[in-house]
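Here's the structure, in structure tokens; my notes come after.
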Amino acid sequence: MTRHLLTSTRLTRLPIALILLFAFTVSAQPPDTAWVRDFGFSSSERVEVIRPCQDGGYILTGDSREGTGILRVRTVRISEDGEVIWNHVEGGDDLDGAEYIEPTSDGGFIQGGSTRSFSPTLGEDAFVRKLNADGDQEWARLFGTDNIDDWVACVREVSTGGYIAVGLDDTRPFLWRLGPNGQHLWVRHWPSEFDNRLNFVEPLADGGFILGGSYPDWFTLVKTNTQGEVIWTQEYWDNGGIYCVREFPNGNLIASGRRYYSELTFAWVVILTDPDGEIIWTREINENNFTSQEAYECWITVDGNIVVCGLDQDEDFSLNSWILKYDTVGNTLWHWEITGGELFTICQGRDGGYVVGGMDHDNWTTPSLNFKATKLYPEVQITLHPWTPTIPVSGGLLRYGAQVTNILVDQTPLDAWIVVTGPNGERVPLNSFPVTLQPGATFTRPQITVWVPGYAPNGEYTLEAHLGVVPPTVPPGGPSGSRNMGLGSFTFTKVDGR
């Protein structure tokens with residue numbers, strides 16, 4: 001269906017003992033594919049961004065060609081298993097498209113892109129709009145001039161309230177600050193130069209922002225303060241551009257992009273810098289002078305490493321989708337490749353698995369492009385087996401078994417914790433403690449016991465076992481986004497009649 005775009009009793013904490021022991025083996029294999037979902041409805045579509053949601057599902061956005069000269073915004077909300085929860089196609093009878101989306105702290109979403117159908121002029125205006133949990137628009141703001149080159153490339157929620165966006169306004173890169181209800185607070189412009197772009201903005205721990213792009217035609221990072229005033233600019237090469245940049249907890253920065261070697265030849269480039277933008281290491285892939293490799297999006301994983309997605313063009317000029325995982329010193333931990341297409345976006349889901357999306361095609365001229373997502377299994381898998389899934393009203397022992405396996409190639413310090421969700425939906429975290437995973441380990445414990453007291457409310461419970469990083473600002477049981485390398489769960493019931 002085409003829609004219109006831009007119309008203006010407490011569970012007592014239970015004692016638990018979970019002992020994890022690990023053996024030493026090593027594997028450098030990438031995770032297996034968990035599922036592939038094609039959400040396409042036309043012959044020309046692309047996924048621009050996928051982001052994890054608090055409940056374990058994902059939000060996707062991109063564009064869909066609905067006819068000659070008609071491009072519309074597609075936004076799809078899916079479950080953790082990749083099943084469609086809702087699917088919205090929005091736009092008018094001209095060119096409209098979304099470049100970015102992410103969940104917001106109120107359970108909704110913030111989205112950015114461009115629209116010509118709803119521009120008050122004949123040009124193409126940048127937009128930012130707020131959606132609720134069902135994908136319905138709460139508000140929308142247009143920005144730009146009477147020009148075809150206005151768009152928002154990335155928009156992020158800011159922890160102090162409101163949003164920050166980057167894009168292009170009449171060939172001028174901009175940084176745009178909005179309030180919680182979309183009110184304009186300020187904007188910063190950079191001078192217009194040939195092929196200059198700002199592609200990504202990362203809110204920093206110090207309240208400022210790091211911007212990635214090409215300015216004027218450079219592989220560039222820009223650091224600003226809270227008001228968008230430039231603190232420093234680092235131009236690394238005289239060609240190419242940065243597509244994505246992320247901040248580590250220690251202030252270091254990881255950035256991914258491409259470097260030009262000829263009009264049709266690009267190199268895959270990933271750099272790690274210190275907080276001042278000085279390069280610590282660079283990883284570049286340029287297999288020969290006649291093909292292209294591009295690193296589109298990077299993501300800092302819960303184990304402190306980096307995954308990057310993009311494309312490779314082989315010697316026959318066919319395209320392949322790539323994911324590479326690096327450690328923090330730049331070693332490649334594993335490499336995942338499938339034939340066809342290019343990947344624009346990657347994220348780590350609540351269960352620790354990776355989800356990617358982009359365009360599914362064989363070469364640069366193939367017209368059939370699918371709105372598709374692929375999920376990889378977590379590198380750490382936790383399997384739980386309940387032996388006593390029903391507990392009497394008077395209370396009793398909950399017994400279950402646990403198996404933990406991983407394909408990590410390094411010793412990995414993580415947190416372990418249990419979360420029990422009661423019949424009233426309250427999530428109670430239990431027994432957070434440190435665990436160090438050893439490479440390739442498998443551990444099985446056939447029976448773990450937990451006492452469920454008689455005064456606990458009757459009804460259905462969910463027990464979750466987490467291995468990841470305890471969120472620093474919310475309790476382990478609270479909405480925490482992607483903080484797991486592995487997650488296992490089962491349900492049990494406390495009822496009358498036993």
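Worth saying up front: this structure is predicted, and the values here are computed from it rather than measured. Excluded from the calculations below are hydrogen atoms, water molecules and symmetry mates; all remaining heavy atoms, backbone and side chain alike, are included.
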Classify the ring geometry between W176 and F174 as parallel (under 30°), tilted (30 to 60°) or perpendicular (over 60°). perpendicular
Starting from the C-alpha separation in whole Å, work towards a yes-or-no answer on side-chain contact (heavy atoms from CB on, under 4.5 Å) for K223 and D206. CA-CA 11 Å; K223 168 72 183 294; D206 66 4; 3.1 Å; yes
Apply side-chain contact (heavy atoms from CB on, under 4.5 Å) to D351 and list each qualifying residue two or more places apart in sequence or on a separate chain. Y58, E80, K375, P378, L487
In this structure, OH of Y163 is separated from CG of L185 (nearest 0.5 Å) by 12.0 Å
Side chains of E379 and W334, donor plus acceptor under 3.5 Å: yes
Can you find a side-chain donor-acceptor pair between D303 and N305 that sits under 3.5 Å? yes
Least distance between heavy atoms, S256 atom then Y296 atom: OG-O, 3.2 Å
Answer yes if the side chains of Q111 and T75 hold a donor-acceptor pair under 3.5 Å, and no otherwise. yes
Evaluate the side-chain contact (heavy atoms from CB on, under 4.5 Å) criterion for residues E99 and V49: first the C-alpha distance (whole Å), next the side-chain angles of each, then the deciding distance (0.1 Å), finally the verdict. CA-CA 7 Å; E99 298 284 336; V49 171; over 6 Å; no
Report yes or no: do D106 and T104 form a side-chain donor-acceptor pair below 3.5 Å? yes
Would you call the rings of F143 and H184 parallel, tilted or perpendicular if under 30° counts as parallel and over 60° as perpendicular? parallel
Indicate yes or no for a side-chain donor-acceptor contact from N424 to the backbone of E426 under 3.5 Å, with no hydrogens or angles considered. yes
At their closest point, which heavy atom of P103 faces which heavy atom of F109, and how far apart are they? CA-CD2, 3.7 Å
In Å and rounded to the nearest 0.5 Å, what is the CD1 to CG distance from I210 to L221? 5.0 Å
Could you give me the CA-CA distance, side-chain angles and deciding distance for R483 and E464, then say whether salt bridge (charged side-chain N to carboxylate O under 4.0 Å, His left out) is met? CA-CA 13 Å; R483 304 299 299 177; E464 294 178 344; over 6 Å; no
Can a donor-acceptor pair be found between the side chains of Q381 and T405 at a distance below 3.5 Å? no
Distance check, rounded to the nearest 0.5 Å: I346 atom CD1 versus I323 atom CD1? 4.5 Å
Tell me the closest heavy-atom pair linking C298 and I254, and the distance in Å. SG-O, 3.8 Å
Please determine whether the number of non-hydrogen atoms from other residues, nucleotides or ligands lying under 6.0 Å from atom CZ of F490 exceeds 12. yes
